[in-house]
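Below is one structure, written out as structure tokens; comments come after it.
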Amino acid sequence: DGGITQSPKYLFRKEGQNVTLSCEQNLNHDAMYWYRQDPGQGLRLIYYSQIVNDFQKGDIAEGYSVSREKKESFPLTVTSAQKNPTAFYLCASSISWTSGRNTGELFFGEGSRLTVL
Amino acid sequence: AQSVAQPEDQVNVAEGNPLTVKCTYSVSGNPYLFWYVQYPNRGLQFLLKYITGDNLVKGSYGFEAEFNKSQTSFHLKKPSALVSDSALYFCAVRDRAGGSYIPTFGRGTSLIVHP
């Protein structure tokens with residue numbers, strides 16, 4: 001079945017360590033997104049990518065980095081510069097922005113919960 | 001600019017009663033509107049969307065939503081709630097006239113269905 005796979009599901013990190021969250025999709029979508037979810041704050045956009053080898057900062061990019069070397073993959077690195085990294089992270093994808101059929105519908109992975117000890 | 005508001009942090013309803021989760025939006029053009037549901041420690045699942053056409057949209061699990069342009073609302077409804085409907089519900093909007101293809105999400109409404 002087509003979908004988005006995020007791993008790991010749960011991750012614990014010591015302060016000062018970088019961690020990388022994986023996101024892989026087999027939906028053949030061009031656009032991919034990373035969101036952070038905190039209780040009561042809804043979803044906040046971290047980074048997004050419209051196409052391979054291109055990505056843009058979202059609303060809360062500080063302390064995070066991404067790469068988009070393959071269409072299927074959009075990994076997120078939470079760096080030691082992120083002051084409050086404990087959160088639930090969601091990866092999503094959508095069809096191409098230039099297809100003429102994009103309505104804004106997103107397809108989400110199951111999420112990764114990062115806890116900093 | 002596009003924005004969406006979910007005025008209730010939490011909605012409580014008894015099993016078997018009808019439920020409504022409210023959503024209002026603001027766009028400069030015409031909207032694409034969405035509802036998603038999230039169960040604990042899971043991703044968001046798509047429920048339904050309004051693109052154009054009929055104002056009453058039917059979606060998954062017996063949910064429906066009514067697009068009201070004059071009130072700029074897109075409330076989620078279900079005639080008879082189930083305990084298993086208890087979850088976090090998100091409304092989202094994308095402005096057709098806007099330059100961004102990224103939807104804006106509401107803060108979410110926690111639906112609690114009591115047995």
Side-chain angles (χ1 to χ4, degrees), chain A residues 3-11 21 23 25 27 29-51 55-59 87-115, chain B residues 1-10 21 23 25 27-53 57 59-60 65 67 74 87-110:
Chain A
I4 299 179
T5 301
Q6 290 187 239
S7 63
K9 179 68 175 175
Y10 297 96
L11 184 62
L21 307 180
C23 178
Q25 55 101 356
L27 299 168
H29 284 168
D30 284 307
M32 297 187 74
Y33 313 78
W34 274 105
Y35 287 90
R36 170 177 171 144
Q37 184 178 18
D38 296 283
Q41 295 196 44
L43 303 180
R44 293 186 289 169
L45 183 65
I46 305 173
Y47 268 98
Y48 63 96
S49 168
Q50 291 187 54
I51 200 166
F55 49 83
Q56 306 295 328
K57 293 181 179 180
D59 300 319
F88 192 57
Y89 291 89
L90 288 160
C91 180
S93 70
S94 73
I95 65 173
S96 167
W97 291 18
T98 59
S99 70
R101 296 180 292 113
N102 186 299
T103 61
E105 181 179 348
L106 300 185
F107 296 77
F108 286 85
E110 288 292 292
S112 292
R113 184 167 295 283
L114 173 62
T115 302
Chain B
Q2 60 191 29
S3 66
V4 62
Q6 295 181 241
E8 301 154 317
D9 289 336
Q10 184 172 303
V21 182
C23 173
Y25 67 90
V27 295
S28 54
N30 290 310
Y32 294 121
L33 291 156
F34 308 88
W35 276 103
Y36 295 85
V37 60
Q38 184 182 34
Y39 297 99
N41 289 311
R42 303 291 299 276
L44 274 68
Q45 297 177 32
F46 171 82
L47 275 180
L48 51 80
K49 63 183 174 185
Y50 171 80
I51 303 299
T52 188
V57 179
S60 307
F67 170 63
F74 191 56
L88 189 57
Y89 290 80
F90 288 95
C91 182
V93 66
R94 202 211 109 189
D95 189 345
R96 295 188 196 212
S100 174
Y101 286 76
I102 302 174
T104 297
F105 286 84
R107 295 165 68 93
T109 298
S110 178

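No hydrogens, no waters, no symmetry mates; every other heavy atom, side chains included, goes into these values. Just so it is clear: chains get the letters A, B, ... in the order the sequence lines come, proteins before strands, and each one is counted from 1.
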Next on the checklist: Is it the case that the side chains of B:T104 and B:Q2 hold a donor-acceptor pair, with the cut-off being a distance below 3.5 Å and no angle test?
Outcome noted: yes

Checklist entry - A:F107 versus chain B, heavy atoms under 4.5 Å apart: side chain, backbone, both or neither? => result neither

Item to check | Which atoms of B:Q6 approach chain A - backbone, side chain, both or neither, heavy atom under 4.5 Å | outcome: neither

Checklist outcome for this item: Comparing A:K9, A:Q6, A:Q37 against chain B, the one with the most heavy-atom pairs below 4.5 Å turns out to be A:Q37

Item to check | Donor-acceptor pair, side chain of A:D30 and main chain of A:I51, under 3.5 angstrom | outcome: no

Item to check | Under 3.5 Å: donor-acceptor pair, side chain of B:R94, backbone of B:F34 | outcome: no

Checklist entry - Looking only at atom types and distance, does a side-chain atom of A:S93 sit under 3.5 Å from a main-chain N or O of A:M32, one as donor and one as acceptor? => result no

Checklist outcome for this item: Of the listed A:Y35, A:Y33, A:F108, the one with the largest count of heavy-atom pairs under 4.5 Å with chain B is A:F108

Item to check | Portion of A:I4 that has a non-hydrogen atom of chain B nearer than 4.5 angstrom | outcome: neither

Checklist outcome for this item: Ranked by heavy-atom pairs below 4.5 Å to chain B, first place among A:G58, A:C91, A:G40 goes to A:G40

Next on the checklist: Would you say the rings of A:W97 and A:Y48 are close, in the sense that their centroids are separated by under 6.0 Å?
Outcome noted: yes

Checklist entry - Between A:G111, A:G104, A:S94, which shows the greatest number of heavy-atom pairs under 4.5 Å with chain B? => result A:G104

Next on the checklist: Tell me if a side-chain donor or acceptor on A:N102 pairs with a main-chain N or O of A:I95 at a distance below 3.5 Å.
Outcome noted: yes

